[in-house]
Structure formats: structure tokens, C-alpha cells
Amino acid sequence: MAVTNEADALEKDFGESTLTTKGQITLPSALRQAFSLDVGDRLHWFRRGDGALVVEPRKRRSIVDFARANPIHLGEKGRDLDALIDEAVTEAMADRMRRARMRET
């Protein structure tokens, strides 16, 4: 949630949250929508030198995002991650179709 200047920081009011006895808060819907936050996303909290509380949203990364950032190499010949995913999806769909046909009979 990078803010370029203090005027930007005060332009959008997303409402309030209440701290529960378990130390939990619910983020206002407008805030979740503005930053495209979803279940599993994380928030990083820290205090600036001037005492202001800063929150940075950190999107949850999928295993595919992680794998693309860290290529998988099988043996000496590298494998294309997208091709591996396509093969796995094709195999899973074929298996699902086989099971559906077996139930029909």
C-alpha cells in the first residue's frame, strides 16, 4: 500500500475495524476490493519512524507462481512448467471422463 505523499494518504477513507478479544479485525469491504485482497492473502504491519502504522498487502502466491519464479529442472534437460501443467490437467480430465463413463454403465 505505497503512498506517494500525505495528501494521497488522506484522500480515501475505507472505514473502521474493531479489534476482537482474540486480536482479530475484519477489513472493510471497500478496502478489500480496492487492493484486490482475498482469502489467504497476508498483511505486513510495521511502524514508521514517525510512529505511523503502515500495512502492506501481500498477495498469496499460487504454487504455479512460485514454480515459475523457481524453474523446475528434471535431469539435465529442463522441462517447461506450462507443458507439465497442461499434461497433468489433460490426464486429470481424461481420468474424470473415464470415471463418469463407468458410473453411467
Side-chain angles (χ1 to χ4, degrees):
M1 206 179 311
V3 176
T4 56
N5 62 45
E6 286 206 28
D8 289 343
L10 301 176
E11 277 186 34
K12 181 69 176 166
D13 180 0
F14 290 108
E16 295 183 349
S17 295
T18 302
L19 187 67
T20 70
T21 57
K22 292 184 177 184
Q24 299 171 333
I25 61 171
T26 298
L27 298 177
S29 177
L31 178 68
R32 293 190 312 267
Q33 290 173 0
F35 290 93
S36 301
L37 295 173
D38 202 359
V39 174
D41 290 342
R42 301 178 67 83
L43 300 173
H44 178 86
W45 304 78
F46 61 96
R47 188 170 71 182
R48 289 192 320 218
D50 64 0
L53 176 63
V54 179
V55 181
E56 287 182 348
R58 299 202 173 162
K59 297 296 293 175
R60 176 180 50 125
R61 291 177 38 179
S62 72
I63 190 67
V64 173
D65 294 335
F66 179 77
R68 284 195 177 113
N70 301 285
I72 299 169
H73 297 284
L74 304 174
E76 290 185 26
K77 184 177 181 181
R79 296 285 310 265
D80 178 27
L81 178 62
D82 289 324
L84 289 171
I85 292 170
D86 288 344
E87 289 172 20
V89 168
T90 300
E91 185 178 323
M93 291 303 294
D95 187 47
R96 179 183 246 179
M97 299 279 282
R98 275 192 300 275
R99 283 184 278 147
R101 280 189 220 117
M102 289 173 56
R103 280 182 275 199
E104 291 174 357
T105 58

Could you walk me through whether Trp45 and Leu53 pass side chain to side chain contact (heavy atoms under 4.5 Å, CB included), step by step?
CA-CA 7 Å; Trp45 304 78; Leu53 176 63; 3.8 Å; yes
Report all side-chain donor-acceptor pairs from residues 14-26 shorter than 3.5 Å, counting only partners two or more places apart or in another chain.
unit_1, atom_1, unit_2, atom_2, d
Ser17, OG, Thr26, O, 2.6
Thr20, OG1, Lys22, N, 3.2
Thr20, OG1, Gln24, N, 3.1
Thr20, OG1, Gln24, O, 3.4

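Identified under the salt bridge (charged side-chain N to carboxylate O under 4.0 Å, His left out) test for residues 32-47, with sequence neighbours left out: Asp41-Lys59.
Residues satisfying the salt bridge (charged side-chain N to carboxylate O under 4.0 Å, His left out) test with Arg96, not counting sequence neighbours, are none. For Val89, the side-chain contact (heavy atoms from CB on, under 4.5 Å) partners two or more places apart in sequence, or in a different chain, are Ile85, Met93. In this structure, Thr90 has no side-chain hydrogen bond (donor to acceptor under 3.5 Å, both in side chains) partners at least two apart in sequence or on a different chain.
Taking every heavy atom of both residues into account, Asp50 and Ala52 meet most closely at OD1-N, 3.0 Å.
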